[in-house]
Amino acid sequence: MSSYSKLIDEKWQKIWEDTRLYKFNKNNVDKKLYCLEMFSYPSAAKLHVGHWYNYGPSDSWARFKKMQGYEVFQPMGFDAFGLPAENYAIKTGVHPQDSTLKNIENMEEQLHKMGGMVDWNYELVTCKPEYYKWTQWVFLMLYKKGLAYRKEAPVNWCPSCNTVLANEQVVEGACERCGTEVLKKNLTQWFLKITDYADELLEGLDNLDWPEKTKMMQRNWIGKSTGAEVEFNVYDSDIKFKVFTTRADTLYGVTYVVLAPENKIVDMITKDEYKEEVTKYQEAAKKQTEIERLSSVKEKTGVFTGAYAINPINSEKVPIWIGDYVLATYGTGCVMAVPAHDERDFAFATKYNLPIKRVVKGYTGENDDLPFVKNGISVNSSEFSGLSSEDAKSKIVEKLSSIDKGDFKTNYRLRDWLVSRQRYWGAPIPIIHCDKCGIVPVPEEDLPISLPYNVEFTPDGKSPLAKCDEFINTTCPKCGGPAKRDPDTLDTFVCSSWYFLRFPDNKNSKKAFDTDWINQMLPVDKYIGGAEHACMHLLYARFVTKALRDMGYLNFDEPFLSLVHQGTILGPDGNKMSKSKGNAISPDDYISQYGADVFRLYLMFGFSFIEGGAWSDDGIKAIDRFLDRIDRIVDRLQELKKASTSSKKVGTAENELNYIKNFAIKHITEDTEKFQFNTSIARMMELLNALYKYDQDIEEKNIELFEDTIATLVTILAPFAPHFSEEMWQKLGYKYSVFNVCWPKYDPSALIKDVVELGIQINGKIKAKINIPSDMENSDIEKFVLKSEKIEPLLQGKTVKKVIVIKGRLVNIVL
RNA sequence: GCGCCAGUGACGGAAUUGGCAUACGUAUACGAUUCAGGGUCGUAGUUCUGCGGGUUCGACUCCCGCCUGGCGCACCA
C-alpha cells in the first residue's frame, strides 16, 4: 500500500495556501504567461470527469511552465448566468441567485481538492453586480460605436424554453438545450454587428496557433462568398430588386427568378389573379418548421406571382416565382435561376416546366450533360461566348457595372449576433426606452442596472423583468420624463466574450479593466477548453476584442494566441457518459480512494489529451502502482544512504542510467510542451524502471547519481502529481517547495552513445542487429557489416548491388 | 451530398522531413519471493499498421481508389 492518499492532498493544499505559493507576482509581468481554461457553469452536480479532464492536465501544463521560470497567471471563475439555474428555479422554486451562489461554493471547494495552481484572488463570477456592471458597460460601448442595434426579425423561438435562440443554438431545427422543435417568431431584438468584422475575423485565423479543424469551422461559419449583385427591373413597374450570384457568367441562361416568400416586394408585384395562391404559399412557408424548411431532400416547391422581370444583360422577360428554397436571410433574398447550370434550379425548372437554356459547355471531351455546374466555356452569351467561365464572370460584371445594373459583391453566411433574451437570469440590457427621446443608453455612472431579486419568472413568452414594476419604470436620463427600462437580458455569451480581460484586473471598481495593465497581461498565451465552442464563444470573444481595440481600450488584435481542445472522456462502455445510461464515472469516489494525483495522472496517461476515450478502471490501478513504486525507491535510497557509502564509479551501468535520465528530460520537456502528457509519463516510467534495474543489478552503487536521478524524477513528476511530489521532495530531505525548483535541462553529451545498435536489412527486411561504434564512418560500417558473422553467410553466392547506410539507424543491403 | 480527421497486438495507446513497427501501461503465461489470498520482483510472447493498387533500396508515414467510424456544414444562390 502506498503512503499516498487524500490526506497528503489536504496536507499540501493547506501548506500551499498558508505560504501563498501560487500568488501571482505582478512585478514579474515581463515573464508572464497567461494560461486560461474556459470557465465553467456552476452546476448543482459535483465536478464531473470532464471538469477534471479540462482543469487537471491544464494545471499540470501551467505548473510545468512555472518551473520553467514563467510567471504563470492561471485564474478561475464562473459563468454563472444562464438558463439551467432559471429552469431549476421554475421547477423547484429555489431562486437562481441562491442556487447559483451555493453551487459556486461547492465547486470552489471541489476545485481546491483538485490541487490546482490557482490564485483565487483573481476569481470572478459573472452574475455578481461587480462583474455584470462591466458587461453592461461593454454593451454600452458597442452601442455607442454603432455595433449594437435593434431590429424586428424572424427569430428562432423555443416554445418550451419560451425564449429566443441564436442561430448557433438551433441544432437541426431543434433547441440545443431541450430538443424542442424551434419555431419562427417576429420580435424586436438587440443585435451586435459582428458582420462588420467578418473579413478581419476570417483573415485573423491564419496567424493563430489553433487546431486547423477549429479554424476551418470558423471559416465555414463566416462563409465568405465572392460574386456579384445584379439588378433586375420588374416588367411594367418601377420596382427593382437585386440578386446575388457567384455565377455571373451564366446570366444569359436565366430563365426565371425566385424570391423568398418573406421578401417584402412579393406583395407589391404579385398580380391579382395570383394573389390567393401566393398568400396561401406564404402562410404555409411561415408555418413550416426549420427542419422541414431546411431539409435538402425535400422537393423544391414554389408558385408563380404573375409578374415578370427584365434580365439586365439581354432584356429578356423572365417570370418571377416565389419558393421556400430561397432564404430571406442570405444575400438579397432573391436568386436568378439558371436551371442549366445549377442543380436546385434544374430540379425546380423540371418540376414546373420552366425553360432550360445552356450557356456553358464543357471542355473538349468532358461530359457536360445538364445540369452542368462546373466551369467551362460560355456559349449562347452574345459577345461573351467563347470566354472561359472565369473571364466571362468578370467581363459580364464589368459590363453590368458600366450600365449601372450590377457590381462585384462579397457576401457572408455569418449573421449578426442576436443578444437579447426574454429571460430573467442574465445581465439586464442597460437601455431606457422613452416615448419622447426613443432609445436612450443608461449613463455610465448609473451602472450597474441591478437585476432585482423578487421577480416572477415563470415563462409566459414575455420578459420576466417587464412584469417587475420597480425595475421597469424609471425616468429618462435625457428628458427626465417617465420611461421604461429594456426588459430583456443579455445572452450569456456576452458575459463570456470579455471575461479574460477582467481576470487580471478583477477588483477594479473604476473601470472594466485598466488598459495599460491588460495590454501587458494579454493576449492569453494558452487557452484550453472544449471544441464545442468553436463557432460561438471563440468567435464572439474575438469580435469583442477587436471592437474594444478599435475603441482604443486594447492594443492587441486577438484574445487567444494558442488554443488547445481537450477530448471527451467516455464511459467504460465507450458511450458518452450520462446518468440515464448509468455509465457515469464519479471522480469523488476515486479521489477518496486513491487521491487527486492518481486521478489526474490517469487522465493524462490513459488518453491522448486531444482525443479522449473510454474510461478504464484498470488504468487507474496502474497509476497507483507507479506512485507506489516511486515511494518505495525513495525509501530505498534512505536505506542505502544509511547502510553504505557511495561508489564514485562511473561505468557502463552509470552511463546507461545517466543516458535514460537525460533522454527522459529531453522528451518530457518536448512532449509536455505539446500537451502530450501520455508520452511524458511513459518516459517517467522508463526512468523509474531504469532506477529499479540499477538498484537490482549493481552491487556497489554510485549513490550520488542514484539520488540525483531520483530527485530529477520527482522534480519532473511534480507538475503531474503535485501533492505526491511535494511529499516525496520532503521525504528526500529537500527544501520546500519542489515548485520552486527549476525544470531540469538535459545534457546533450549524455545522449551520445559510444556504441549504437544498427538494424541490418537485406532487401528491406530486418535480418540482424549489430553493435557499431557511433563514430564509425559509413564506408567502414559497410565493410564491417558485410563481413560480420551474422550477415556474411546470408550473402553467399549473391551479388550485392547496393548498400545504404543510415547513420545511427540501419544498413540496407540490396541484392 | 460536400469538407475535415482518424483506422496500429486481446485492450488503452506510441512511433509519420520515409529508415529497427508496437515505447509506456493493461491483460495473459511462466519463474522468484520468510509467497495463504493479495502484493512485490523478474522473464516472455503477440507475422505486422482497415482493404486494394502505386512510387521507393526501404512505406504506419507519400500518391490513387475503396471500406468503416467520428466531427463539421448542409438548398448560402
Side-chain angles (χ1 to χ4, degrees), chain A residues 1 172 211-221 223-225 227-228 230 243-247 250 257-258 260 293-300 323-327 329-338 341-345 347-348 411-415 531-532 534-535 568 602 605-608 610-611 613-623 625-626 628-629 632 667 671 676 678-689 692-693 695-696 756-770 801-815:
Chain A
M1 271 303 279
E172 287 175 15
E212 271 314 313
K213 205 171 133 191
T214 305
K215 293 206 244 181
M216 190 54 69
M217 279 167 70
Q218 289 211 353
R219 285 189 192 109
N220 289 339
W221 196 261
K224 183 173 181 171
S225 163
V230 182
V243 302
F244 176 72
T245 180
T246 55
R247 290 297 302 269
T250 63
V257 296
V258 188
R293 180 81 183 256
L294 289 178
S295 164
S296 49
V297 290
K298 197 194 72 168
E299 203 178 340
K300 284 158 197 39
D324 64 7
Y325 77 96
V326 177
L327 305 175
T329 45
Y330 183 78
T332 58
C334 332
V335 301
M336 56 181 229
V338 186
H341 306 291
D342 182 285
E343 277 165 24
R344 294 153 301 177
D345 298 341
F348 193 87
N411 253 325
Y412 298 89
R413 208 190 75 109
L414 182 72
R415 312 289 158 80
E532 66 275 17
C535 288
T568 314
Y602 170 58
F605 179 64
F607 312 88
S608 148
I610 54 170
E611 298 287 332
W615 177 269
S616 151
D617 267 356
D618 291 332
I620 207 156
K621 288 189 192 117
I623 294 294
R625 198 166 307 155
F626 170 55
D628 192 32
R629 271 164 66 87
R632 277 185 281 117
H667 285 95
D671 290 356
Q676 285 190 23
N678 51 351
T679 49
S680 295
I681 294 166
R683 299 291 90 80
M684 291 181 219
M685 289 173 167
E686 281 169 359
L687 182 55
L688 180 63
N689 289 344
Y692 267 79
K693 186 170 159 55
D695 182 30
Q696 175 158 314
V756 286
E757 191 188 55
L758 297 190
I760 312 301
Q761 298 180 328
I762 295 180
N763 286 338
K765 294 265 186 300
I766 288 285
K767 295 291 177 187
K769 292 182 179 183
I770 296 178
K801 277 195 202 142
K802 199 168 164 190
V803 178
I804 290 145
V805 179
I806 307 294
K807 218 168 181 185
R809 299 230 176 224
L810 57 72
V811 177
N812 189 12
I813 302 162
V814 186
L815 297 179

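In what follows, chains carry the letters A, B, and so on, assigned in the order in which the sequence lines appear, proteins first and then strands, with residues in each chain numbered from 1.
Residue A/I804 is in base contact, counting any heavy-atom pair closer than 4.0 Å across all strands shown. Within 4.0 Å (heavy atoms only), A/K769 reaches at least one base atom of the nucleic acid. Among the protein residues, A/E212 comes within range of no part of the nucleic acid, since none of its heavy atoms lies under 4.0 Å from any strand. No engagement by A/N411 is indicated, since no non-hydrogen atom pair under 4.0 Å with the nucleic acid exists. Residue A/V814 is classed as a sugar-phosphate contact, given heavy-atom separations below 4.0 Å to backbone atoms only. Within the 4.0 angstrom heavy-atom criterion, no nucleotide atom of any strand lies near A/M216. At the heavy-atom level, A/R629 lies under 4.0 Å from the strands shown only through sugar-phosphate atoms. Across all strands, A/F626 comes closer than 4.0 Å to no nucleic acid atom at all (heavy-atom distances). Within the 4.0 angstrom heavy-atom criterion, only backbone atoms of the sugar-phosphate kind lie near A/G606; the bases stay farther away. A/N812 comes within 4.0 angstrom of a base, heavy atoms only. Nucleic acid contact for A/Q696: sugar-phosphate only, since backbone atoms but no base atoms lie under 4.0 Å from a heavy atom of the residue.
Using a 4.5 Å cut-off on side-chain heavy atoms (C-beta onward), A/M685 and A/I623 make contact.
For A/D617 and A/K621, the salt-bridge test fails: no basic side-chain N is under 4.0 Å from an acidic carboxylate O.
Candidate nucleotides B/rG19, B/rC41, B/rG12 were compared by shortest atom distance to the side chain of A/I806, and B/rG19 ranks first. Proximity note for A/R809 (side chain, C-beta onward) versus B/rC75, B/rG12, B/rG19: the nearest is B/rG19. The A/A622 side chain lies nearest to B/rG25 when the options are B/rA14, B/rG25, B/rA77. Among the nucleotides B/rC41, B/rG25, B/rC20, the one closest to any side-chain atom of A/I766 is B/rC20.
Using atom P as the reference point in both B/rU28 and B/rC4, the two lie 43 Å apart (nearest Å). Separating the P atom of B/rG7 from that of B/rC63 is a span of 14 Å, rounded to the nearest Å. Taking atom P in both B/rG54 and B/rA59, the straight-line distance is 12 Å, to the nearest Å.
Map A/T332 and A/R413 each onto its nearest nucleotide of RNA chain B; the residue landing nearer the 5' end is A/R413. Between A/M217 and A/S608, the residue anchored nearer the 5' end of RNA chain B, judged by the nucleotide with its closest heavy atom, is A/S608.
Residue-to-nucleotide contacts include no donor-acceptor pair under 3.5 Å from the side chain of A/K213 to the base of B/rC4.
The side chain of A/R625 places an N or O atom within less than 4.0 Å of a non-bridging phosphate oxygen (OP1 or OP2) of B/rU26. When the side-chain nitrogen and oxygen atoms of A/R632 are compared with OP1 and OP2 of B/rC41, one or more of them lie within a distance under 4.0 Å.
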(Q) Using side chain to side chain contact (heavy atoms under 4.5 Å, CB included), reason through A/V811 and A/I760 one step at a time and then give a plain yes or no. (A) CA-CA 5 Å; A/V811 177; A/I760 312 301; 3.9 Å; yes
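Shown here, B/rG9 is classed syn by the O4'-C1'-N9-C4 or O4'-C1'-N1-C2 angle, which is within 90° of 0.
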